[in-house]
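Lettering follows sequence order; numbering is per chain, from 1. Note that these values count all heavy atoms, side chains included, but never hydrogens, waters or copies made by symmetry.
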Amino acid sequence: MRLSGRLRSSLIIGGQGIRARKMRTFLSMLSLFLGVLAVVTVQAGSVIAQRAMLSDVEITRGKDGTLQMYLPSNPQSVPVAIDVIKGRGDAVGVTRGKAVIGEPGVKPLNEGGGRVDDGGGYARAVNVTCDAGGCRPVEDEDAGAPQGQAIELGMNALTGDIRQFRPFRLQSGEWLDFSSAPSLSPRIVLNKYAAEGFAKHRIPAEMRVSGAVANATPRIIGVVDDGGWGPAAYVRSDELLNWMPVDSLSDQRYGTMELMLAPTATDLQQTLRTRLVAAGANADEIHAETINSLKEMQSQLSLMRWIFLGMAAMVLLIGVAGILNVGLATVGERIEEFALRRAVGTPRLLLAGIVLAETLLTGLLTAAAAIGFGIAGLKAVSSVLGSREPFLQNVDFPWQAGVAGIIAGLVAGVLGGLIPAIRAARIPIATVMRA
Amino acid sequence: MTPLIRITGLTKTLKGQDEPRTILAGVDLTLHAGESIAILGRSGSGKSTLLSLIGLFDRADSGQYLLGDNDITRIPERRAAALRSEEFGFVFQRFFLLKHLSAVQNVSMALVNGQGWLPRRKRRAKAMEALERVGIAHLAKHKPQRLSGGEQQRVAIARALVREPRILLADEPTGALDTETGNLVVEALRSATDRGCGLILVTHDHDHASKMGRVLQLTNGVFDATPERVVV
């Protein structure tokens, strides 16, 4: 890259000026450092918060762009959907139901499916089921049974790997393998609330699933964080189907099958609609929506970010005042130097450029220091608090914060150097150089 | 042959809070290549003001200023800066050396003025050559604080010569020096005229003035009509 002579001259002279006045430069940097650091911190904080929020939302709702479809409550919906998405890597069907793992013929420790420590509770109200004929209470299967060593959990049967849409965080063990043949002993992955219950209580490995013809013996193979709020488990739907008819896979009390489709799977959506309507489903009951979590979050985050950026700007302004103060004092001290430079042919514009180059270099050095401090600080926070806060584990310094720091340094350099630069350019040679 | 400088009827009035004060009241001056002129005069006679007009530090109120064949009486500041770089070299009574730079850096600073670009090695070579010319190349790495008054002034002369100007303007360059050192400095300035450089020396010292080709006496803003050469 070839720089113009004037730019090179201003950088060389600016660099000489900084070297000649190290202490002043340091003091300027000090006053600006906190301001730039505030901008870097706010930007980094907001990006990391956004990442963390997005990550949580992705786990519970799904990645941005994912197409979510809810099937109508038609008995043929689930078999048709399973048939259509069979072998497709860009779509996953999820059915939800209730499962009780533990002693047969007893009431679970958390009847209703709440957290085991809370004794269930949230769903102890009378269960109801609704259809076109209206809603009516569902008979309690465990009515009159004694309480025993069993845990009730939400059972999610998956037709494929859902993590491409909802990136669950694996906490231990392994995730479901969809490439192997289905097993008669269903492999299940628990969420952390279910895992807590199984860790605290000795529960026999017998699983009752609503709609199943017999109890199965499950194998717990892993634990994930699914962002849920109650005990849940994930199982391959084909392994569950070994124990129940396909039309019982979806428990109407928990809704029908939910499909998650990649944004590119438009053909699949069309085929599915056609097949469902052909099977007698009402087209108006097929609902689809695209997940757009980032946009929803940004409106929440932007207000907070602007408030913090405003505060950071105030701190930055104090730093600018510091640079301005030092800059004006320095120009006053260097009147003879600037007059001499004009005498040897340096144009006014270049003189202003020299002063601006000094403040810009100071701003950039400060920005580099603040960014370095930010990176080191984030690493320290990550290593100290990472074990307690998952979103701080292996967190990278956001590049946006680096850019914001550099822009803040440059803006502060320009604002703090402008008035001194104008003064330097206006120094009269004749008056200063007179014998 | 066209003179380097031809000035006709140059006037300058200072307008302050008090009454306007006429400093130059119609000065005529011609300088040829290789010629040296000394300007003598009492304090306040307008010597330095005239030099600042010639060096384009300031503008005259009226009159005409020709540099070669070009009328530069009313040129814009940008062009004036370029001419100060290309055509003029300046030596001042106070040496105006930059404390944080070494002798050679003080000389080469005149080459880093945004008027063209020379690589660092070439800048240094030219600065060393200029220091050689005034006989202090061996002090190139010294900072001004470590140099005597005479040495500092010779660094300033080297700075004035480094761009090989056609006109050298010196405003009382020996004012802060003892006689012997002053003589050395004047000799260094005068030797520049051997290469065709025109020299205008403003001084109070008649001895130094007598070493110039012509001597002019400035009184009340005008040159005395006769005689041009003073007898010491």
Side-chain angles (χ1 to χ4, degrees), chain A residues 1-26 330-358 361 421-422 424-435, chain B residues 12 43 47-49 51-53 55-59 77-101 105-106 108-120 123 156 159-160 162-163 165 169-173 175-176 202-204:
Chain A
M1 189 174 65
R2 305 280 300 172
L3 301 176
S4 77
R6 288 197 177 178
L7 186 56
R8 286 185 195 199
S9 301
S10 57
L11 288 175
I12 287 176
I13 299 167
Q16 284 175 347
I18 286 175
R19 280 205 302 275
R21 290 164 203 80
K22 292 188 187 79
M23 180 52 83
R24 286 206 168 189
T25 306
F26 175 71
T330 307
V331 168
E333 226 176 49
R334 295 167 72 186
I335 281 180
E336 288 187 353
E337 179 191 335
F338 290 130
L340 173 71
R341 290 196 186 278
R342 282 198 63 202
V344 299
T346 308
R348 285 178 193 269
L349 202 61
L350 180 56
L351 270 186
I354 290 165
V355 176
L356 269 180
E358 285 185 21
L361 284 172
I422 292 168
R426 285 183 177 166
I427 289 171
I429 322 174
T431 318
V432 180
M433 310 306 270
R434 195 172 281 274
Chain B
K12 182 72 182 174
S43 294
K47 307 184 297 296
S48 294
T49 302
L51 214 61
S52 71
L53 295 181
L56 300 172
F57 293 173
D58 206 351
R59 298 288 185 281
E77 169 54 28
R78 201 183 205 181
R79 177 85 187 108
L83 284 178
R84 284 198 297 271
S85 170
E86 293 159 14
E87 305 285 352
F88 297 96
F90 303 94
V91 182
F92 307 96
Q93 179 179 354
R94 289 181 291 141
F95 324 118
F96 292 119
L97 298 182
L98 304 182
K99 287 178 198 164
H100 58 279
L101 302 181
Q105 286 173 326
N106 262 291
S108 60
M109 67 81 76
L111 299 168
V112 189
N113 61 359
Q115 311 282 359
W117 177 255
L118 279 177
R120 187 177 172 164
R123 289 202 306 267
R159 182 180 62 201
V162 73
R163 290 196 86 105
L169 305 174
D171 190 2
E172 301 189 30
V202 166
T203 182
H204 284 293

task: Find out whether Met109(B) and Glu337(A) are in side-chain contact, i.e. whether some heavy atom of one side chain is under 4.5 Å from a heavy atom of the other.
output: no
- prompt: Side chain, backbone, both or neither: which part of Ser85(B) has an atom under 4.5 Å from a heavy atom of chain A?
  reply: both
message: Shorter than 4.5 Å, heavy atoms on both sides: which option in Asp58(B), Leu98(B), Leu111(B) has the most such pairs with chain A?
response: Leu98(B)
task: Taking the side chain as every heavy atom from C-beta outward, state whether Arg120(B) and Ile12(A) have any pair of such atoms under 4.5 Å apart.
output: no
- prompt: Which heavy atom of Asn113(B) sits nearest a heavy atom of Val344(A), and at what distance?
  reply: ND2-O, 2.8 Å
task: Can you measure from CG (Leu7(A)) to CH2 (Trp117(B)) and round to the nearest 0.5 angstrom?
output: 9.5 Å
message: Are the side chains of Gln115(B) and Ser9(A) in contact, using a 4.5 Å heavy-atom criterion?
response: no
- prompt: Residue by residue, which of residues 351-358 of chain A have a heavy atom closer than 4.5 Å to a heavy atom belonging to chain B?
  reply: none
message: Among Ala343(A), Ser10(A), Gly17(A), which residue has the highest count of heavy-atom pairs closer than 4.5 Å to chain B?
response: Ala343(A)
query: Which bit of Leu53(B) comes within less than 4.5 Å of chain A, counting heavy atoms only: side chain, backbone, both or neither?
result: neither
- request: Give, as side chain, backbone, both or neither, the part of Thr49(B) having an atom under 4.5 angstrom from any heavy atom of chain A.
  value: both
message: I'd like to know if Arg342(A) and Glu77(B) make a salt bridge, using a cut-off of under 4.0 Å between side-chain N and carboxylate O.
response: yes
query: Between Arg79(B) and chain A, which part of the residue has a heavy atom less than 4.5 Å away: side chain, backbone, both or neither?
result: neither
- prompt: Once you round to the nearest 0.5 Å, how far does CD of Gln16(A) lie from NE2 of His100(B)?
  reply: 5.5 Å
- prompt: What residue, out of Phe96(B), Phe90(B), Phe92(B), Phe88(B), has the most heavy-atom pairs lying under 4.5 Å from chain A?
  reply: Phe96(B)
message: Looking only at heavy atoms and a cut-off of under 4.5 Å, which of Arg348(A), Arg19(A), Glu336(A) has the most pairs with chain B?
response: Glu336(A)
- request: Please state whether the side chain, the backbone, both or neither of Arg334(A) comes within less than 4.5 Å of a heavy atom of chain B.
  value: neither
message: Only pairs of heavy atoms separated by less than 4.5 Å count here; which of Arg159(B), Gln105(B), Glu86(B), Lys99(B) has the most with chain A?
response: Arg159(B)
